2 protein chains.
Amino acid sequence: MNRAEEDYLKQLYELSTNTQSERVKTADLSTALGHTAQSVNEMLKRLSDKNLVNYTPYHGVRLTKKGHQNAVRMIRAHRLWEVFLSDKLDLSWEALHEEAEKLEHATSEVVLDKLYTYLGKPKTCIHGNPIPTADGQVVQGATLTLAQAEPGDVFIVRRVQDHAPLLTYLQARDIALGARLSVVGHESLGDTLVVKHQNQTHRLGQSITARMFGDIET
Amino acid sequence: MNRAEEDYLKQLYELSTNTQSERVKTADLSTALGHTAQSVNEMLKRLSDKNLVNYTPYHGVRLTKKGHQNAVRMIRAHRLWEVFLSDKLDLSWEALHEEAEKLEHATSEVVLDKLYTYLGKPKTCIHGNPIPTADGQVVQGATLTLAQAEPGDVFIVRRVQDHAPLLTYLQARDIALGARLSVVGHESLGDTLVVKHQNQTHRLGQSITARMFGDIET
DNA sequence: CCTCTTTTTATGGTATACCTTAATTTTTAG
DNA sequence: CTAAAAATTAAGGTATACCATAAAAAGAGG
Ligand SMILES: [Mn+2]
Ligand SMILES: [Mn+2]
Ligand SMILES: [Mn+2]
Ligand SMILES: [Mn+2]
């Protein structure tokens, strides 16, 4: 396997986890990876030939057992490297993801296991996302999105998607894991959510609120 | 730059350092990388177009300033990762090299600098080879090879080339850095060097003795 | 059932990085 | 000076991984 294939599997896993559906639409993969539908189709056929995905034209793709295992391994590598880069090298929150994106493809099973032990068997990455165990178990993190919060709620940030622009955005506004956001209300016919955090008011769009997960304070 | 190009530059640097000559012969690159002369020629033309090497057909290749800088950066990355893998993850001596071979291509400048500090600014890798500084300075290691030692000499191993089969060979025979080898004599018309180490006699060929560097005990 | 939209396929193209076989050119050594 | 050896170039191929443009097929809604 190479970087392109590994990134496809990882992206497939993430899309099917995020949308909570087994089958992923080619168009969504296309958007997520930034490749044309044509390129995605070509790659899916190759992945299908290698028995990494189950591709039924017009009905979406699904990871096979083998594809799933590989996807989970990549995610494990990615998140472990993020922990290393943050805990040991003190790399900034937004830089982490891009670096891990490269390192994840250059890591053997042995190194991964040793790294896991060395880091103290962490359970989540720096963005709050669960680190799969060596045997592929993944603990489900928070599933409630900020987009689902209602005016009056206090939303506690538990995990955010590894999306570079999102990380930069949050970092700049001091919104980290554990942040308490008071939901003030909606604007722009519901497209925008207005929240307060540390005496600051933020207007957050769907591409932000749908990527942040947490709990409503009770 | 990508992995192929980076490996060419690194190999060029190593060949010109090992042979102590500016210009590297295409045939030697071909052997070192395990590619055909044709492929090497094609790549050298590409590297030349990118101003990374200075290639004069029939007269060898030389790294340009830009090529040299990149080569040294790769070597720095390689050796720092080796230190990390050994010191922090406790990876075995022979496994180090192969893992670092992958990681070196997935490391940004920032990570490299942080890693360097984190590891305590090491001066050499686990095989005794010098780690270039961030500004490209390389301290010259031992240059006397075991092949040059004479019967009666006691040779102290200071550094060995990062050559997977060599590392495996030495590891299996407990010959590590600092080992004291008593040179007993020559065999096979000088092709083989006979040495004693910890009550064991070893018959070492050119591909081993020319890759081990150290001092003669005085 | 039919149209519209989405998805897929068909073609042809690019760049990288390898390969083989066979000239051709240059160097080198006698 | 010349023949042999070494190095390079030529020509054609493979696989990967992307692209664009256009046609065809399938699904979805009314
Ligand atoms: Mn990646
Ligand atoms: Mn993360
Ligand atoms: Mn390498
Ligand atoms: Mn080394």
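Note that the coordinates shown come from a computational prediction; the quantities given were computed from them, not determined experimentally. Lettering of chains follows the sequences in order, A, B, ..., and the numbering in each one begins at 1.
- Listed by residue number, Y55(A), P57(A), Y58(A) are the residues of residues 47-63 of chain A with a heavy-atom contact under 4.0 Å to DNA chain C.
- Residue T26(A) is in sugar-phosphate contact alone, with no base atom involved, counting any heavy-atom pair closer than 4.0 Å across all strands shown.
- Side-chain contact annotation: H202(A) with Y169(A), donor-acceptor N/O pair under 3.5 Å absent.
- The shortest distance between the side-chain N/O atoms of R46(B) and the OP1/OP2 oxygens of dA17(C) is below 4.0 Å.
- Between dT11(C), dT7(C), dC18(C), one nucleotide has an atom nearer to the side chain of K25(A) than all others, and that is dT7(C).
- Between the side chains of T145(B) and Q148(B), at least one donor N or O lies within less than 3.5 Å of an accepting N or O.
- We find that CZ of R3(A) is positioned 10 Å from P of dC18(D), with the value rounded to whole Å.
- Proximity note for A4(A) (side chain, C-beta onward) versus dC18(C), dA17(D), dA17(C): the nearest is dA17(D).
- If you measure from atom CD of E6(B) to atom P of dT16(C), you get 15 Å, rounded to the nearest angstrom.
- Remark: N2(B) is in phosphate contact with dA17(C), judged by side-chain N or O atoms under 4.0 Å from OP1 or OP2.
- Side-chain contact between M43(B) and L29(B): absent, with no pair of heavy atoms (C-beta onward) separated by less than 4.5 Å.
- Between R76(A) and D113(A) there is a salt bridge, since at least one side-chain N of the basic residue sits less than 4.0 Å from a carboxylate O of the acidic one.
- Heavy atoms of T36(B) sit under 4.0 angstrom from at least one base atom.
- Remark: C1' of dC18(C) and CG of L44(B) are 14 Å apart, rounded to the nearest angstrom.
- To the nearest angstrom, P of dT8(D) lies 13 Å from CD of E42(B).
- Between M1(B) and R73(B), the closest side-chain pair of non-hydrogen atoms falls below 4.5 Å.
- When distances are taken from the side chain of K45(A) to each of dA17(D), dT9(C), dT8(C), the shortest belongs to dT9(C).
- Nearest approach of G128(A) to L177(A), heavy atoms of both residues: N-CD1, 3.5 Å.
- Remark: the Q38(A) side chain and the dT11(C) base include a donor-acceptor N/O pair separated by less than 3.5 Å.
- Regarding M1(A), its CE atom lies at a distance of 15 Å from the C1' atom of dT16(D), rounded to whole Å.
- Between V40(A) and N41(B), the residue anchored nearer the 5' end of DNA chain D, judged by the nucleotide with its closest heavy atom, is N41(B).
- Between R158(B) and F213(B) there is no side-chain heavy-atom pair separated by less than 4.5 Å.
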